[in-house]
Amino acid sequence: MKHLNARQRDAVKYINGPLLVLAGAGSGKTSVITQKIAYLVNECGIRPANIAAVTFTNKASREMKERVSSLLEGQPSRGLTVATFHNLGMTIIRREHKLLGFKPGFSIFDAQDSKALLRDLMLHNNEETDQVDAVQHQISNWKNDMVDPDTALSRAQLPLEILAARAYEAYETHLRAYNAVDFDDLILIPVRLFASQPDALERWQNRLRYLLVDEYQDTNLSQYRLVKQLVGTRGALTVVGDDDQSIYAWRGARPENLAQLQQDFPSLKVIKLEQNYRSTSRILKAANTLIANNPHVFEKQLWSEMGMGDPIRVLHNANEEAECERIAMEILDLHLRNTVAFRDMAILYRGNFQARLLEIKLQQYQVPYKLSGGTSFFARTEIKDLMSYLKVLINPDDDNAFLRIINLPRREIGPSTLQKLGSYALERQISMFDACGELGLEQVMPANAVQRLRRFCQWMQHILKQCYEHDPIEAITEMMRDMDYEGWIAENSTSDAMAEKRIQNVGFLLDSLRSTLERLQEDDPDAGIEEAITRLVLLDMLDRQEEEDDSNRVQLMTLHASKGLEFPYVFLMGMEEELLPHRNSIESDNIEEERRLAYVGITRAKRALTITLAKQRKQYGEKVDCVPSRFLDELPPEDLEVEGLGERCQVANQRRGNATLNSLKNMFD
DNA sequence: TGACGCTGAGTTTTT
DNA sequence: CTCAGCGTCA
């Protein structure tokens with residue numbers, strides 16, 4: 001606690017009621033949460049098992065766990081809940097599965113699975129499938145807003161809404177039949193349970209007596225409800241958030257949940273953290289000036305003691321190629337002349353497509369870089385395939401996973417057999433896996449087809465038995481050996497290097513399964529392979545993989561992906577109208593979120609910020625003139641050093657005034 | 001089953 | 001322009 005400032009200490013010590021910590025960028029909010037957990041345990045005598053800290057990402061939750069356990073060193077942190085919303089929801093569903101009518105080992109459908117299911121359903125209804133994305137999005141919105149299929153259908157107006165509402169109902173029925181839930185359900189189902197079963201709610205309220213929520217501005221309606229339900233009337237709640245960093249409204253986040261707190265808890269105490277420990281004063285001034293253009297429920301001004309620092313450079317370039325080249329040169333220059341490590345520099349952009357040209361130019365100039373984003377670990381084919389095996393193993397009702405793996409590797413089970421199996425299962429209201437065991441199957445398909453299906457099912461059951469009777473990981477390894485999974489991967493990879501990488505990924509998945517199982521069993525010796533596998537779906541291993549590879553490279557990522565990170569040198573590229581703010585946001589009149597996005601970008605920089613833009617850009621093969629972003633006009637001109645505008649740039653630079661020039665002179669003396 | 005060519009979209013993305 | 005996804009044909 002010695003390392004905390006007065007405000008932070010207040011936030012840690014205030015436990016007499018609901019508390020909102022408005023934590024500006026870089027103001028040490030994670031310290032507050034972790035210290036508060038330690039304080040609750042050490043000073044208030046609250047048992048760790050009665051505390052829950054909820055985050056949004058696995059990464060945040062992992063970091064928090066690490067920091068808490070080092071603070072509580074040696075002390076029993078057993079039973080402490082540090083989890084993502086989705087992980088917490090999953091735990092609730094798992095513990096209450098009987099009440100909810102789920103069989104243990106339920107499957108979790110990821111976005112891809114959901115989309116595939118929706119496509120099938122729409123295809124089945126002879127509907128065009130070109131709107132699956134919109135339909136999926138609509139259903140997800142309904143779920144986040146807690147609208148059930150019936151209500152959706154009765155309220156549907158637009159053709160898309162009617163289409164989506166019809167699919168919604170079938171989608172839910174099918175999910176239940178598969179003993180599966182989707183990501184939205186992980187929050188929604190517990191909320192519904194708690195609303196209808198006060199006993200269940202009381203059980204969880206008694207278990208989670210103190211709740212801490214990080215990044216509260218990112219909560220959606222169902223997450224907000226869950227928090228409210230768990231907190232009840234006790235008000236044992238600390239919420240940390242920053243309305244200026246709300247950049248996820250487009251996927252259901254409701255930043256107004258922050259202001260809503262005051263209505264929900266009239267006794268709410270608000271503490272602002274405004275001292276920033278990250279950036280120079282100039283960078284903060286720019287950020288403050290920019291964000292002052294947004295309306296605020298809570299006013300705040302970030303300040304720091306890190307010194308004025310260099311002016312913010314604004315580099316105009318002839319076109320996007322020049323822009324990328326310029327950034328590459330600047331990076332090389334910083335590296336060679338100022339011996340700045342590559343890992344201390346980041347290039348941030350609005351859209352992933354901007355990384356393409358950048359990559360080419362960085363390669364040309366031999367700048368080592370690391371690209372974040374792209375296909376996530378779990379979207380990779382080999383991982384999805386193996387995960388489907390694991391899902392079927394613990395949840396044979398998951399027809400989706402069953403269909404994915406039944407003929408992979410080839411088992412001579414073709415579409416016509418599956419078609420027959422599918423309609424048989426549908427008629428009898430059972431899963432396809434269970435249908436394989438039924439005697440009536442011989443009536444609808446050739447005996448050898450039945451035999452092939454049964455051989456597969458019996459083999460899976462054998463593996464499952466091995467899981468229970470012996471070491472589960474061993475059994476799964478045996479399963480992969482039996483079907484020569486590595487051979488299948490090698491056969492289906494375009495190159496040896498690719499196959500190698502894929503086999504590595506599979507090995508990594510198995511390692512993670514092992515360690516997940518071990519960790520689960522530390523807290524709960526009864527935890528089985530089902531729970532480990534279910535949890536694995538929610539694990540994001542991509543960044544753990546990246547952590548292992550801590551090489552010294554320039555970081556490339558979208559502005560969204562940069563939230564929560566910091567870099568000594570930041571390049572913010574594409575500062576143009578229609579890009580930042582993005583065209584769609586201009587059209588939908590949602591400039592405020594774009595401004596926050598720019599704010600997030602600026603506040604990532606510790607020492608120096610360079611903003612770049614192009615005068616002209618090739619778009620869909622055509623040259624288009626670009627207009628500098630309105631956000632540039634919202635930055636303090638006296639802190640900018642403009643370059644590449646010819647005459648006009650000198651005028652702009654003169655406006656910086658003598659103070660800046662003097663401080664520069666002093667630096668050179 | 002695989003190769004080829006047409007069509008259309010083309011922000012952000014975690015769980 | 002570029003690339004993914006789909007359909008067609010051998």
Side-chain angles (χ1 to χ4, degrees), chain A residues 54-62 83-90 93 108-116 119 123 128-134 136-137 140 143-144 181-188 214-215 218-220 222-223 245-253 320-321 348-357 360 372-379 407 410 412 414-415 491-492 494 534-543 557-564 574 578-588 590 593-594 596-598 600-601 617-624:
Chain A
V54 187
T55 62
F56 271 84
T57 64
N58 285 305
K59 199 172 160 204
S61 128
R62 198 163 52 238
T84 62
F85 266 104
H86 296 265
N87 259 321
L88 178 64
M90 193 208 92
I93 297 175
I108 297 173
F109 272 39
D110 66 19
Q112 262 183 58
D113 298 329
S114 299
K115 195 163 148 187
R119 177 175 281 126
L123 224 48
E128 286 296 315
T129 53
D130 52 356
Q131 298 212 70
V132 253
D133 286 313
Q136 185 181 25
H137 194 226
S140 176
K143 285 194 169 195
N144 288 334
V181 300
D182 65 17
F183 279 140
D184 300 319
D185 285 336
L186 289 173
I187 319 293
L188 186 60
D214 194 14
E215 304 277 20
D218 288 341
T219 50
N220 62 31
S222 53
Q223 286 159 343
Q245 290 189 72
S246 157
I247 53 174
Y248 286 111
W250 52 273
R251 68 175 198 220
E320 76 270 39
E321 207 167 311
L348 310 180
Y349 37 81
R350 177 67 232 256
N352 275 313
F353 72 96
Q354 288 171 274
R356 197 166 308 177
L357 226 200
I360 295 170
S372 302
T375 25
S376 95
F377 187 78
F378 277 101
N407 204 29
R410 301 272 118 83
E412 298 177 286
E491 229 173 86
N492 288 282
T494 41
T534 314
R535 196 159 282 259
L536 211 54
V537 182
L538 292 180
L539 255 181
D540 175 25
M541 282 173 294
L542 193 67
D543 36 59
M557 68 190 79
T558 62
L559 286 163
H560 283 92
S562 75
K563 195 171 95 168
E578 312 233 301
L579 244 181
L580 185 65
H582 193 272
R583 203 169 123 194
N584 297 359
S585 299
I586 297 172
E587 278 165 18
S588 60
N590 189 15
E593 181 148 316
E594 297 288 310
R596 291 192 288 266
L597 209 43
V600 166
R617 210 173 266 278
K618 250 195 226 128
Q619 228 168 38
Y620 315 136
E622 241 179 327
K623 277 185 185 172
V624 178

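Chain letters run A, B, ... following the sequence lines, proteins first and then strands; every chain starts at 1. Basis for what follows: all heavy atoms, side chains included, without hydrogens, waters or symmetry-related copies.
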Residue A:E587 excluded, over 12 heavy atoms near CD under 6.0 Å:
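Yes, CD of A:E587 has more than 12 neighbouring heavy atoms, counting only those of other groups under 6.0 Å.
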Detail all sub-3.5 Å separations between protein N/O atoms and N/O atoms belonging to nucleotides 6-12 of chain B.
{"unit_1": "B:dT11", "atom_1": "O4'", "unit_2": "A:H582", "atom_2": "NE2", "d": "3.3"}
{"unit_1": "B:dT12", "atom_1": "OP1", "unit_2": "A:N352", "atom_2": "N", "d": "2.6"}
{"unit_1": "B:dT12", "atom_1": "O4'", "unit_2": "A:R350", "atom_2": "NH2", "d": "3.3"}
{"unit_1": "B:dT12", "atom_1": "O2", "unit_2": "A:W250", "atom_2": "NE1", "d": "3.3"}
{"unit_1": "B:dT12", "atom_1": "O2", "unit_2": "A:R350", "atom_2": "NH2", "d": "2.4"}
{"unit_1": "B:dT12", "atom_1": "O2", "unit_2": "A:H560", "atom_2": "NE2", "d": "3.4"}

Interatomic distance at [atom1], [N] relative to [M], whole Å:
N     : M      : atom1 : result
C:dT2 : B:dT11 : P     : 16 Å
C:dG5 : B:dT12 : P     : 15 Å
C:dC3 : B:dT14 : C1'   : 25 Å

Any side-chain heavy atom of A:I93 sitting closer than 4.5 Å to one from A:D185?
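SC-SC contact between A:I93 and A:D185 ruled out.
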Hey, what's the ring geometry for A:H86 with A:F183, parallel, tilted or perpendicular (30° and 60° as the breaks)?
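The arrangement is perpendicular - the two ring planes meet at more than 60°.
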Is A:N87 close enough to B:dT15 that one of its side-chain N or O atoms is under 4.0 Å from OP1 or OP2 there?
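Checking A:N87 against B:dT15: no side-chain N or O falls below 4.0 Å of OP1 or OP2.
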Shoot me the first and last contacting nucleotide of DNA chain C against chain A, ordered 5' to 3', at under 4.0 angstrom to non-hydrogen atoms.
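So the contact region on DNA chain C extends C:dC1 to C:dC6.
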Whole angstrom value for the distance that separates [atom2] of [N] from [atom1] of [X]:
X      : N      : atom1 : atom2 : result
A:D113 : B:dT15 : CG    : P     : 16 Å
A:N58  : B:dT13 : CG    : P     : 17 Å
A:M90  : B:dT14 : CE    : P     : 20 Å
A:K115 : B:dT13 : NZ    : C1'   : 13 Å

Nearest 0.5 Å please: distance from the CG atom of A:L580 over to the CZ atom of A:R350.
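Between A:L580 CG and A:R350 CZ, I get 7.0 Å after rounding to 0.5 Å.
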Not counting sequence neighbours, which residues clear side chain to side chain contact (heavy atoms under 4.5 Å, CB included) with A:N220? List them please.
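By the side chain to side chain contact (heavy atoms under 4.5 Å, CB included) rule, A:N220 matches A:N144, A:S222, A:Q223.
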Can you confirm if the aromatic rings of A:W250 and A:H582 lie within a centre distance of less than 6.0 Å?
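No, ring centres 6.0 Å or more apart.
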If the condition is salt bridge (Lys or Arg N to Asp or Glu O under 4.0 Å), which residues does A:E320 pass it with, not counting sequence neighbours?
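Salt bridge (Lys or Arg N to Asp or Glu O under 4.0 Å) list for A:E320, sorted by chain: empty.
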side-chain hydrogen bond (donor to acceptor under 3.5 Å, both in side chains) against A:S114, all qualifying residues, sequence neighbours excluded
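Testing A:S114 for side-chain hydrogen bond (donor to acceptor under 3.5 Å, both in side chains), a comparison that skips the adjacent residues, returns A:Y171.
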What nucleic acid atoms does A:R356 come within less than 4.0 Å of, heavy atoms only: base, sugar-phosphate, or nothing?
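Since only primed, P, OP1 and OP2 atoms lie under 4.0 Å of A:R356, the category is sugar-phosphate.
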With sequence neighbours excluded, residues passing ring-ring contact (aromatic ring centres under 6.0 Å, His included) with A:Y349
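A:Y349 satisfies ring-ring contact (aromatic ring centres under 6.0 Å, His included) with no residue once adjacent residues are dropped.
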